[in-house]
S.K.: 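The structure follows.
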Amino acid sequence: MRSTRRIGSLALAASVAALTVAACGGSSGDSGGSGGGDAAADAPIKIGVLLELTGPGSDYGTRGKDMIEMLVKEYGGKIGNHPIQVTYADTATTPATAVTKVRQLVQRNKVDVTYGPVFSDAQDAIAPYLATQKKLAMAPIGANWTLSKYKNWVVFPGTLESFCGPGGQALRDSGHSTMTTIGADYVAGHQFIDPIAKSFKDGGGRVVQQQWAPLGTSDFGSYISSLKKSDVLAAWTIMPDELAMMQAFTKFKSRSNTDLFLCEAENVTSEQLKETGEGILGTTGMIGSYSPDIDNAANTAFIAKVKETYNRTPVIGDGTNYLLFKTLLEGLKKTGGDASLDVLRPAILGLSQDTVAGPVSWSKNGFAVANRYLATVTDSGGKYVWKTDKVFEKVRDPRDTE
Amino acid sequence: MDQLILTTLNGLALASILFIVSAGLTFTFGVMRILNLAHGALYMVGAYVGWAVAVKQGLGFGVAVVAGGLAAAAIGVVMERGFLRHLHGGLNEQTVLTFGVVLILTNLALWIWGPDAKPAFSPQFLSGTADVGDVSFPTARLGLIVTAAAIAALLWTIDKKTLIGARVRAGRDDRETLEALGVNFDRLAMGLFAFGALLAGVGGVLGAQVLGANLGLSSSILLLAVAVVVVGGLGSVAGALLGAVIVGLVQAIGTGYFPGLASFTTYLLMVLILVVRPTGLLKGSEV
């Protein structure tokens, strides 16, 4: 009996571990064909889309896929006479899988351009290979500055460091003197949190404690309750962890007068804000990419279209992917369907658009020059929204000089 | 001192969720030898159904607990009657099949409730905070601890003091003899599997007071439940309770005092137990 139980325990643990690894392998789906196609006038434009369709990043990936499908329909499935042929591959939110899948897209599916993934570690992992292949690559929802050296990327809305940096000074301006931070314990967590902590300190503030929570943290009670006293907690992590963090903050809030500031505030939908409860009202944050609460004509039309197509209000994963994939299609329109790196990338970087996230232009390094919005959670007729308090225009990474 | 109290209470709240889930897992694997990797997905279904009933429909938390539990139990019955009863002893086949169920349930949840995570929800009377000594603590978490303790007492009573419990323990030890005594093990197995699934679903709704509902729960809860079963030992209520308390406290203390090691502490504990005491801390006590 002892050996049975021992084998049972080991088998259970091993099976779960093995299947977790297997699940991360994911699978790819092909929405188009491969086909030969060369320079013919009606040759298809082959776009390889690499997204987080499963795993912790699947919210971004599945929304991205929806937006791409909506856009391809919007463009009638073609650019000029060139049919748009999209092949999807799932990174399973792991860089190693992304590397395998991008090679398949390029070598087996012979794609002309690649789009995605969202997560910066996977982008970094595939970048050296794509550079050798001289393929244009598009990075939605930010990227590392290291991509600039390859000269083949187009990134919206810019580096991760550029999302939240202005927030530190804004918090100083609103009278906060001390700050604690909670960030996701991986590279992007530092890229979001470090700039706001730096600008807060540069403005004369003091950062009294920094905590880093692993991805997948579903209960932040212990993190929040072990925070030192401060005027403001600046936080960034991914969904659904961020929701858990906000909820723990509001539940334990009665212990202190600490305010909450969310980097990439657009991660949290209006419905989620409402369900978090009244304690979330007054929370401030920085919208770094896209939010349905950004007030402009393009966004109003986009929201209506997404509601009509998918019966939902778009959020960050929808808006950013829509904006960037549309940019790709607009670039292709400009080149008449020529997807070669030397032609298409300059065409895209020359675009100046009024987008769902406001005016967007592009630096020569391939990074967007776009707005950031300082916003507060406000009750708007029973609906909780991010109300813009201040617009930081044409924000770019400090290293992105031309 | 305040932080120690809060950390301990947070650990016990997490332990409460883990106990309810692991109790179901430990029965299905420890007693029936069915490796149900979909147990975490059943928890997730319970959480989503609970959210739909309590938040979207506004029918109350108690109704949500019943609905979440019954939904998971119904899926459990379909799994057991439709597939798993044909696979007794086939560990590999069970693994592949239940993993397939995880994918199906996760995608069904995505299709029905969308990709957005659902915030935590609790009964109105537990929505505030309570003073515990010099600190305040969310009452929903205190309520969860009390509820889990009540469920533990109920499960212990069923296991030790009822005819059903006696049959389950007998089936765990010697299935052939039990059947020779006229007990329909097939029916008992179905009931036990459905009960394990029901516990997962109920755990999903109760746990949603802290964790909310999201698609990632199917794997994250399963991994923690496996850690609990490995630490506590297979097949017993006491083992699940002990394992859950240890894993919950280790997780909370790791997070509160060594946040840089938080993702590491629970699994280090699991590895140590597997090396030092592979049958779990309560080995042989009830099997």
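Residue numbers start from 1 in every chain, and the chains themselves are labelled A, B, ... in the order their sequence lines are given, proteins ahead of strands.
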S.K.: Quick one, B/T129 with A/K251, criterion side-chain contact (heavy atoms from CB on, under 4.5 Å). Give me CA distance, side-chain angles, the key distance, then yes/no.
M.R.: CA-CA 7 Å; B/T129 58; A/K251 290 291 178 194; 5.6 Å; no

S.K.: Scan A/Q247, A/E271, A/M246 and name whichever one has a side-chain contact (heavy atoms from CB on, under 4.5 Å) with B/P119.
M.R.: A/Q247

S.K.: Return the option, out of B/I17, B/L110, B/N10, B/T7, with the maximum number of heavy-atom pairs under 4.5 Å with chain A.
M.R.: B/N10

S.K.: Does any non-hydrogen side-chain atom of A/F220 lie less than 4.5 Å from one of B/T255?
M.R.: no

S.K.: Quick one: do B/R141 and A/D219 satisfy side-chain contact (heavy atoms from CB on, under 4.5 Å)? Show the steps, please.
M.R.: CA-CA 11 Å; B/R141 293 182 184 227; A/D219 178 16; 2.8 Å; yes

S.K.: Hey, what do you get for OG (A/S222) to OH (B/Y257), rounding to the nearest 0.5 Å?
M.R.: 9.5 Å

S.K.: Hey, what do you get for CG (B/L4) to OG (A/S226), rounding to the nearest 0.5 Å?
M.R.: 12.0 Å

S.K.: What distance separates B/D116 CG from A/R312 CZ, expressed to the nearest 0.5 Å?
M.R.: 8.0 Å

S.K.: Heavy atom to heavy atom, less than 4.5 Å: which residues from residues 210-217 of chain B reach chain A?
M.R.: B/V210, B/L211, B/N214

S.K.: In terms of heavy-atom proximity below 4.5 Å to chain B, should A/R63 be classed as side chain, backbone, both, or neither?
M.R.: side chain

S.K.: List for me each residue that meets side chain to side chain donor-acceptor pair (under 3.5 Å) alongside A/T269, sequence neighbours excluded, and say none if there are none.
M.R.: A/Q272

S.K.: Which bit of B/V55 comes within less than 4.5 Å of chain A, counting heavy atoms only: side chain, backbone, both or neither?
M.R.: side chain

S.K.: Where is the tightest heavy-atom contact between B/K118 and A/L243, given as atom of each residue plus distance?
M.R.: C-CD2, 3.7 Å

